[in-house]
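Here is the naming used below: chain letters follow the sequence lines, and residue numbers restart at 1 for every chain.
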Amino acid sequence: IYLTNLLIEMYSKCGSLKDAEKLFQGTQEINLFTWNILIEAYARGGHVSKAKSSFDSMPEWELVTWNIMIKTYARFGYTEQAAETFKRMQARDVVSWTAMLAGYAQNGYLQEARDIFERMPERNLVSWNAIHQAYARSGELEQAEDIFREMPERNVVSATCMVSAYGDKGRVGDARRVFESMESWDLAACNAMLGAFSRNGCLERARAMFDMMPERDFTSWNSMLAMYGQYGHVEEAVRMFGRMPALDMVSCTIMVIAYSRDGNLQQARLIFDMMPEKDTAAWNSMLQGYAHTGHPRACRDLFDVMPEKD
RNA sequence: CUUACGUUGUCGCGA
């Protein structure tokens, strides 16, 4: 049963929801872990109502199950349901409190997040990071700085969050200062620094950062693409796009925008049509390409065939 | 064997 659970989880983490489901249904030996893994799998795929019906079909619930439901609701914007779930729980641990705090923050409820933080019976580093991030993402930089300075301990996550917050405000020098004071860096930390450079038009510094990074993922590559596209170096974006080891939906969407802004709607459409998966952001980007370049007809035609409109 | 925090794209919301 351990092995079955591991296998289901593996499928889920690879995005093979169908295989995870099949395995779940095909196995007779099931425990609470199995249920939790299944709910988590639905949550990953954004199938909130399936997660909820699995939750309802379970023989019993444990704390982890409730925690997963809080996260699932909050992540997809069902803040009220998350809060209801939180209130209905008989026992809560630090994970429950932190999930609720982060859930409020992700949906823009800074005050509620703060209230949760203050009511928490105990806080750990993750809880501190969550409240720190809540202020940072709301643009409350001074408060975020205060928390960062005063929190009992900091780790790579705390610092990454600060780097990103400075970057959002255009304070590249401060971002660098924090980044350089870190005692260790992981990929996300490097990406945050790279993003601070790229979003603020520091092309050379971004390039140097990118070249120096020991490893790169989609986020790293996509930051570079977006920067070159945004700052009018479409040919450089194209060059990097061609060098990427693999493409994802975001890379392609960035190129659709870059080509469109460059007036090259044919190339934009070519990339768009090549994409194996498209979300609404991808569709909207292509629409906007047509809309802003005087192609109302093409825009309308595309709009009419969109599978999902927001 | 399962759950909470950080890094990339469109639009909107805030300012």
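- As rounded to whole Å, 18 Å separates atom P of B/A4 from atom CD1 of A/I131.
- Minimum interatomic distance between A/T293 and A/S260 (heavy atoms only, all atoms of both residues): CG2-O, 3.9 Å.
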Scoring nucleotides 5-15 of chain B by protein non-hydrogen atoms under 4.0 Å (B base, S sugar-phosphate only, - none) yields BBBBBBS----
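- Distance A/L101 CG to B/A4 P: 14 Å, rounded to the nearest Å.
- At whole-Å resolution of the value, CZ in A/R44 and P in B/U2 are 11 Å apart.
- Residues A/R119 and A/D115 are not paired through a salt bridge, judged by the lack of any N-O separation under 4.0 Å between the basic side chain and the carboxylate.
- By the neighbour-count criterion of 12 heavy atoms within 6.0 Å, atom CD of A/E150 is densely surrounded, having more than that number from other residues, nucleotides or ligands.
- As a whole-Å value, the separation of A/I37 CD1 from B/C1 P is 11 Å.
- The closest side-chain heavy-atom distance from A/S251 to A/W221 is not below 4.5 Å.
- Taking atom CD1 of A/I39 as the reference point, atom P of B/U3 lies 13 Å away to the nearest angstrom.
- Panel note: side chain A/R216, backbone A/F210; a donor-acceptor pair is recorded below 3.5 Å.
- When the nucleotides B/C1, B/U3, B/A4 are ranked by their closest atom to the side chain of A/K13, B/U3 comes out on top.
- A/I30 has its CD1 atom 17 Å from the P atom of B/U2, to the nearest Å.
- The aromatic ring centres of A/F117 and A/W97 sit 6.0 Å or more apart.
- Judged by distance alone, with hydrogens and angles left aside, A/D93 brings no side-chain donor or acceptor close enough to the base of B/A4 to form a pair under 3.5 Å.
- Remark: P of B/U3 and CG of A/N67 are 11 Å apart, rounded to the nearest angstrom.
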